[in-house]
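Remember, it's 1-based here, ligands and their atoms both numbered in the order they're listed.
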Amino acid sequence: MMMKEWLIGVGVAILIFLGMLHLVQVLPVLFLIGLGVLLWMVMDRKGATSASTRETPVRPNISFEEIGGQESAKRELREALDFLRYRDRIKSLGIRPLKGILLTGPPGTGKTLMAKAAATYTDSVFLSASGSEFVEMYVGVGAQRVRELFRRARAMAKRENKDSAIIFVDEIDVVGGRRGQHSHQEYDQTLNQLLTEMDGMSTSQSPFVLVMAATNRPDILDSALLRPGRFDRQIKVDLPDKEGRLHILNIVAKGKPLDSSVDLEHIARETYGFSGAQLEALVNEAAIIALRQDAKTITQEMFRDAVDKVLMGEKTGRRPTDEELRRVAVHELGHAIISELMRPGTVSHITIAPRGNALGFVRQIPEADQYLYTKNQLEEQINVALAGCLAEELHYGNRSTGAQNDFVQASSLARTMVRCGLSRLGIVDEEHLPEQVLEKEVRHILATQEQATREVLQPYKADIERFAEYVVQEESIDGAEFRKWMESMQVQSQSLASASVAHTPALEMSPSV
Ligand code: ADP
Ligand code: MG
Ligand code: ZN
C-alpha cells in the first residue's frame with residue numbers, strides 16, 4: 001500500500017515537471033491516469049467483497065470416529081453417503097442421485113463435524129458457508145453468491161482431482177425459511193438459486209456436488225427444500241444421551257493430563273442436557289482451572305467447578321451481604337433436603353457462590369437420562385422447586401425475590417401436568433383449553449404441592465438454621481457431606497419420602513435464588 005501511494009506521488013511529480021517543461025500535454029494524461037486509478041479502486045473493492053465470502057478450502061480431515069455418540073445419525077449419514085461412494089452402481093441401476101442431506105438438531109451437537117466427516121468419508125472437497133452470509137441489503141447478491149459457491153466447489157474438486165464436492169450450508173433456515181414470509185425478496189432469490197443449482201445436478205456430472213445443510217429449525221423450512229430430489233434425507237442430530245456424553249468426553253479429553261481421581265462416567269452422568277460443544281467447553285474450562293491453580297493434572301473437583309461454570313456462567317464479583325448469604329444458604333438447603341428425601345443420593349453439591357444470575361444453587365445428578373415422567377415425578381419436581389422459598393418462609397417468616405426462577409419452573413411443570421392429562425381436568429385438548437381454566441388448575445396444583453412441601457420441611461426447621469451457618473462458612477458442600485448431615489438428623493420423614501419411587505426423574509439442573 002505504502003509503495004502504491006509513493007509511486008503515485010512520484011508519478012504525479014514527474015508529470016508536473018514534464019508539464020512545466022511543456023514536453024507533454026498534462027491535462028489529458030492526468031485525466032487518463034485518474035480514470036485508471038478509479039477503475040483500479042473499483043476492482044479492488046470487488047475483490048475485497050468476494051474475498052470476504054470466500055470459503056477457505058479447509059481440509060477437514062475429520063473422521064466419524066472423532067464424533068462421539070450420535071450412533072444412529074452417523075449410521076444414517078454413512079448409508080446416505082454410500083450413494084456418492086458407489087456412484088457407478090447407483091447410476092447403472094438408474095437410481096436418482098442424492099443431492100441434499102439436511103442435518104437437524106440443537107446447536108453444538110456436531111452437525112458441522114458430521115458434514116466434515118462426510119467429506120472425508122466420500123473423499124470430497126469441502127466448502128462451507130453460513131446462511132447469514134447470503135443475506136445482504138442488495139437484491140441479487142445472495143443468488144450470485146450461491147452460483148459462485150457451486151462454481152468454486154466444482155473448480156476446487158477439479159483442481160484437487162476429486163470426483164465430488166460437499167457444500168455445507170450452516171443455518172439454512174436463514175435463507176430457506178418459507179418463501180414470501182420475509183420482508184424483502186433477497187432470501188427468496190437466494191433460495192431459488194440454491195434449488196436451481198441442486199436441480200441442475202445429475203448423476204453423470206463430474207465432479208458431483210452434494211449439498212449438506214444444517215438447521216435447528218426444520219419446522220420453518222420452505223417445503224420446496226424438502227421435496228424429493230432436494231434435501232430428501234433428513235438426519236436428526238440430537239443431544240447426546242449418557243453413553244454419548246461419555247464417548248464425547250473421552251474424545252475431547254484425549255491427550256489432556258487427567259488426574260487418577262477423574263471419573264468421566266460420573267461426569268457424563270452429571271451433565272444431562274449438555275451438547276457436545278458444551279462438553280468440549282467443560283473439558284477446556286477444567287484445564288483452565290488447572291492452569292490457574294498451577295496444577296499438573298486436572299482433578300475431578302476441577303471438573304465439578306467447570307460444570308458449574310458452563311451451566312451457570314463465571315463466578316461473579318458480586319458480594320452479597322452476610323444476611324443475604326445466610327438466606328441463600330437456607331433457601332438452597334430447602335431445595336436440597338426435598339430433593340434428597342425424594343431421590344436419595346442425587347444431590348451433587350450445594351453452593352452459595354454467586355455465578356451468572358444465580359446467587360446459589362443445588363446441583364443434582366440425574367440417575368439416568370429420562371424422557372418420560374409420571375405424575376408423581378412431576379409433582380416431586382414441583383416440590384423441589386418450591387422448597388427454596390418455603391425454607392426461607394420457615395426460617396424467616398417471609399420470602400424474598402430469590403425464588404422467581406423456581407416459580408417459573410414450578411408453574412411450567414404444572415402446565416405440563418395439565419396438558420398431559422395428569423391433572424384433575426383429566427384428558428384435555430390443549431387447543432381448546434380456555435386459558436382461565438388452565439391457569440386455575442395450575443394454581444390448584446401449585447397450592448396443593450406448596451402445602452405438601454411445607455409439611456415435609458417443617459420438622460427440619462431447627463436443623464436448617466444450624467446447617468445454614470456451616471454452608472455460609474464453607475460456601476460449597478458436596479453431596480456426600482450433605483447426606484451425612486441428613487442422616488444425622490434422624491428426622492422421621494413420612495409423606496413425601498415414602499411416596500418416592502425407586503426410579504425417579506432426572507430433574508433438570510436449575511439455578512435458584
Ligand atoms: P453444530 O454444528 O451442531 O452446532 P459443531 O459440529 O460445530 O456443532 O460442534 C462444535 C464443537 O463441539 C466441535 O468442534 C467439537 O469440539 C464439539 N462437539 C460437538 N459435538 C460433538 C460430538 N458429537 N463429538 C465430539 N465433539 C463434539
Ligand atoms: Mg455448527
Ligand atoms: Zn431456588
Side-chain angles (χ1 to χ4, degrees), residues 58 60-74 77 102-118 128-132 168-172 212-217 235-241 243-254 268 271 274-284 310 312 327-339 350-352 357-364 381-393 399-410 453 507 509-513:
V58 274
N61 274 338
I62 294 229
S63 71
F64 281 117
E65 276 70 56
E66 288 159 73
I67 303 176
Q70 310 298 0
E71 294 310 325
S72 61
K74 285 199 288 193
L77 181 54
L102 182 65
L103 303 172
T104 64
T109 44
K111 296 183 291 298
T112 308
L113 288 182
M114 292 267 200
K116 288 181 176 169
S128 78
S130 167
S132 50
F168 177 60
V169 183
D170 211 350
E171 302 175 50
I172 184 97
M212 289 184 73
T215 178
N216 52 2
R217 296 290 317 272
I235 296 176
K236 251 176 116 160
V237 187
D238 253 333
L239 287 174
D241 58 9
E243 290 311 311
R245 292 195 295 274
L246 182 59
H247 190 181
I248 295 172
L249 281 170
N250 273 312
I251 291 171
V252 293
K254 203 184 287 161
T271 44
F274 272 44
S275 69
Q278 278 175 314
L279 291 170
E280 198 270 338
L282 167 71
V283 173
N284 197 47
V310 173
M312 316 287 305
R327 189 182 274 272
V328 175
V330 166
H331 177 111
E332 299 309 333
L333 280 175
H335 286 310
I337 290 171
I338 297 297
S339 170
I350 306 167
T351 174
I352 56 163
N357 286 324
L359 289 175
F361 56 94
V362 175
R363 216 176 68 220
Q364 291 166 299
Q381 293 192 12
I382 295 175
N383 293 324
V384 175
L386 296 178
C389 84
L390 291 172
E392 284 184 59
E393 193 183 83
R399 301 176 177 185
S400 68
T401 53
Q404 205 180 347
N405 275 339
D406 296 339
F407 295 159
V408 171
Q409 199 195 358
T453 313
L507 183 71
M509 294 157 264
S510 119
S512 41
V513 165

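A 6.0 Å sphere centred on CD of Gln404 holds no more than 12 heavy atoms belonging to other residues, nucleotides or ligands.
Between Thr453 and Ile338, some side-chain heavy-atom pair lies under the 4.5 Å cut-off. Using a 4.5 Å cut-off on side-chain heavy atoms (C-beta onward), Phe274 and Pro240 make no contact. A 4.5 Å side-chain heavy-atom check between Pro106 and Asp238 finds at least one atom pair inside the cut-off.
Ranking protein heavy atoms by distance to atom 2 (O) of ligand 1, first place goes to Thr112 OG1, 2.6 Å. For atom 8 (O) of ligand 1, the closest non-hydrogen atom of the protein is Gly110 N, 3.2 Å. The single protein non-hydrogen atom nearest to atom 18 (N) of ligand 1 is Gly276 C, 3.6 Å, given as residue, atom name and distance. Scanning the protein for heavy atoms near atom 22 (C) of ligand 1, the closest one is Gly68 N, 3.6 Å. Closest protein heavy atom to atom 16 (O) of ligand 1: Glu280 CG, 3.3 Å. Closest to atom 10 (C) of ligand 1 among all protein heavy atoms lies Ala277 CB, 4.1 Å. Protein heavy atom closest to atom 21 (C) of ligand 1, with residue, atom name and distance, is Leu113 CD1, 3.7 Å.
Taking 2.8 Å as the limit, the number of protein N, O or S atoms around the Mg ion (ligand 2) is 1.
Every N/O-N/O distance between Gln70 and ligand 1 stays at or above 3.5 Å. Considering both main-chain and side-chain atoms, Lys111 comes within under 3.5 Å of ligand 1 through a nitrogen or oxygen pair. For the pair Gly108 and ligand 1, the shortest N or O to N or O distance falls below 3.5 Å. Where the criterion is an N or O separation shorter than 3.5 Å, residue side chain and backbone included, Asp170 fails it with respect to ligand 1.
Of the possible donor and acceptor atoms, none in the side chain of Gln278 sits under 3.5 Å from a partner among the backbone N and O of Val310. Remark: the backbone N or O of Val362 is not paired with any side-chain donor or acceptor of His335 at under 3.5 angstrom.
A distance of 13.0 Å separates CD in Glu66 from CD1 in Ile248, rounded to the nearest 0.5 Å. For the atom pair CD1 (Ile251) and CD (Glu65), the distance works out to 9.0 Å, reported to the nearest 0.5 Å. Between Asn61 atom CG and Lys116 atom NZ the span is 10.5 Å, to the nearest 0.5 Å. Between the CD atom in Gln70 and the NZ atom in Lys111 there is a gap of 9.0 Å [rounded to 0.5 Å].
The Zn ion (ligand 3) has no N, O or S atom of Cys389 closer than 2.8 Å.
Among all heavy-atom pairs drawn from Glu171 and Ser130, the shortest one is OE2-OG, 3.1 Å. For the residue pair Phe64 and Lys74, the shortest heavy atom distance occurs at O-NZ, 3.1 Å.
Residue Glu66 touches ligand 1 through its backbone alone, judged by heavy-atom distances below 4.0 Å. In Ile251, neither the side chain nor the backbone holds a heavy atom less than 4.0 Å from any atom of ligand 1.
A salt bridge links Glu393 to Arg399: at least one charged side-chain nitrogen sits closer than 4.0 Å to a carboxylate oxygen.
Side-chain contact of Ser400 with Glu392: a donor-acceptor pair under 3.5 Å is present, judged by distance alone.
The closest approach between any non-hydrogen atom of Pro107 and ligand 1 is below 4.0 Å.
Taking the N/O/S atoms of Asp406 in turn, the shortest distance to the Zn ion (ligand 3) belongs to OD2.
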